Amino acid sequence: MADKTQETGTISKNEKISATTSVCGLIGNPVGHSLSPLIHNSLAEIFGHDLIYTAFCVSGEGLLSAVKGAFELGIKGLNVTVPHKVAVMDSLCDIDPIAEHIGAVNTLVRTKEGFKGYNTDVYGLKRALISEGVTLQDETVVILGAGGASRACAFLCAMEKAGRVYILNRSVDKARALAKDVNDYAGKALCTALALSDRGQITEESFIVLQATSIGLFPDSDKAPVEDATFYERVRFGFDLIYRPAQTKFMKLVNDAGGRSANGLKMLLYQAVEAYELWNGVSVPDESVHEVQKLLEEAVNR
Ligand code: NDP
């Protein structure tokens, strides 16, 4: 445990981990570079909670027995990351309705019967956008990508009553399937699916973009899902879910065309804050969020 303490760099070396310490953690594969331990252990320290958070590398074959074992071991809560966010749903006693609609779970909360699944990515994105002064109500939103993260983006658009949503993806079938799911949820034709190359069909003069493809992720930092300047001239605000590098090529293109942009670090932070709040029944104040944000920025830029 002494080594673990040194790895996270946030838990005082003198602090005792005892037989009554609660355990939370992350399951995924890989998990070695995760920033979640830094966030949760920092929050536990700020709140003075007797809680430790670590990461468990779990294979697909071992997933269901890992969740069952975690429950039997008394683990308080788990986060779930790639590639288990969908498959983990089979191991839960209950699933929050929004997570059920999105079709992915990233947070497990202990109940008497087993773990209940939530999707805090969607609320993490919402709180990250609010912190940037951006709301989606009545806005035209362009979502780049139709993978797991795009599903959270598209459902948030419906929950926040966006005016019009375009889902652009390389594989247009996936964009169509997501648009149908969200339109069924919204009860109207909110989303239009397009191939990335058909972006010329977007008629609005100004929009918000949620960049949820994996293009531009370190080390492929010189790439963006859309390169042409005419598209970026119409982007008022561009949110890139990627946070490594801190300024992606997508963000640079938005800024160069006169728009405003932000990376996905605050989404990562706020989805963790939401999970921490669910596990511990607390509300994390803004000043604590900012404290952890500084640590997170230092860790990413290290
Ligand atoms: P998925 O693998 O589910 O989806 C990847 C998406 O990127 C798909 O739409 C895929 O298109 C597209 N894509 C990948 N490569 C290419 C390419 N060469 N050309 C065109 N399109 C491409 O990943 P996730 O949805 O889980 O994650 C997407 C990004 O969001 C990642 O970078 C991840 O790190 C980030 N993320 C950030 C979070 C945060 O808290 N900040 C939370 C979750 C994710 P296609 O369907 O055609 O393959």
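Atoms within a ligand are numbered from 1 in the order they appear, just like the ligands themselves. Counting begins at 1 with the first residue of the sequence. Computed from a predicted model, the values in this text were never measured in an experiment. Computation of the quantities below employed the complete heavy-atom set of this structure, encompassing side-chain atoms and omitting hydrogens, waters and symmetry-equivalent molecules.
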Ignoring hydrogens and geometry beyond distance, is a side-chain donor-acceptor pair present between [X] and [Y] at under 3.5 Å?
X	Y	value
E204	Y166	yes
K266	S131	yes
N119	K85	no
T248	D240	yes

Does ligand 1 have a heavy atom under 4.0 Å from the side chain of [X], from its backbone, from both, or from neither?
X	result
A149	both
L268	both
A152	neither
I215	side chain
N169	side chain

For [atom], what's the nearest protein heavy atom and its distance?
atom	answer
atom 4 (O) of ligand 1	G147 CA, 3.5 Å
atom 34 (O) of ligand 1	L217 CD1, 4.5 Å
atom 42 (C) of ligand 1	M267 CE, 4.0 Å
atom 5 (C) of ligand 1	S214 OG, 3.9 Å
atom 17 (C) of ligand 1	R170 NH1, 3.2 Å
atom 3 (O) of ligand 1	G148 N, 3.0 Å

Any N or O on [X] sitting closer than 3.5 Å to an N or O of ligand 1?
X	value
G264	yes
K174	yes
D121	no
S150	no
L196	no

Indicate the ring-plane relationship of Y53 and H40, choosing parallel, tilted or perpendicular according to the 30° and 60° boundaries. parallel
Looking at [X], I'd like to know if its [atom1] atom is crowded, meaning that more than 12 non-hydrogen atoms belonging to other residues, nucleotides or ligands lie closer than 6.0 Å.
X	atom1	answer
K249	NZ	yes
F47	CZ	yes
K76	NZ	yes

Which of the ligand 1 atoms, numbered from 1, are nearer than 4.0 Å to a heavy atom of [X]:
X	answer
A212	28 (C), 29 (C)
I242	32 (O)
Y243	41 (N)
G145	9 (O)
T213	6 (C), 7 (O), 12 (C), 29 (C), 32 (O)

For [Y], does its backbone N or O pair with a side-chain atom of [X] as donor and acceptor, under 3.5 Å?
X	Y	value
R127	E274	no
R234	I202	yes
R244	L217	no
R199	L196	yes
N169	A146	yes

Residue selection (non-hydrogen contact nearest atom 38 (C) of ligand 1) among N263, L241, L210: L241
So which of A146, P225, S171, P83 gets nearest to atom 47 (O) of ligand 1, if we judge by its closest heavy atom? S171
Yes or no, since that's all I need: does a protein heavy atom fall within a distance strictly under 4.0 Å of atom 23 (O) of ligand 1? no
Protein heavy atom under 4.0 Å of atom 45 (P) of ligand 1: yes
Hey, are the side chains of D220 and I215 touching, using non-hydrogen atoms and a 4.5 Å cut-off? no
Could you tell me whether the side chain of F207 reaches within less than 4.5 Å of the side chain of E139, counting heavy atoms only? no
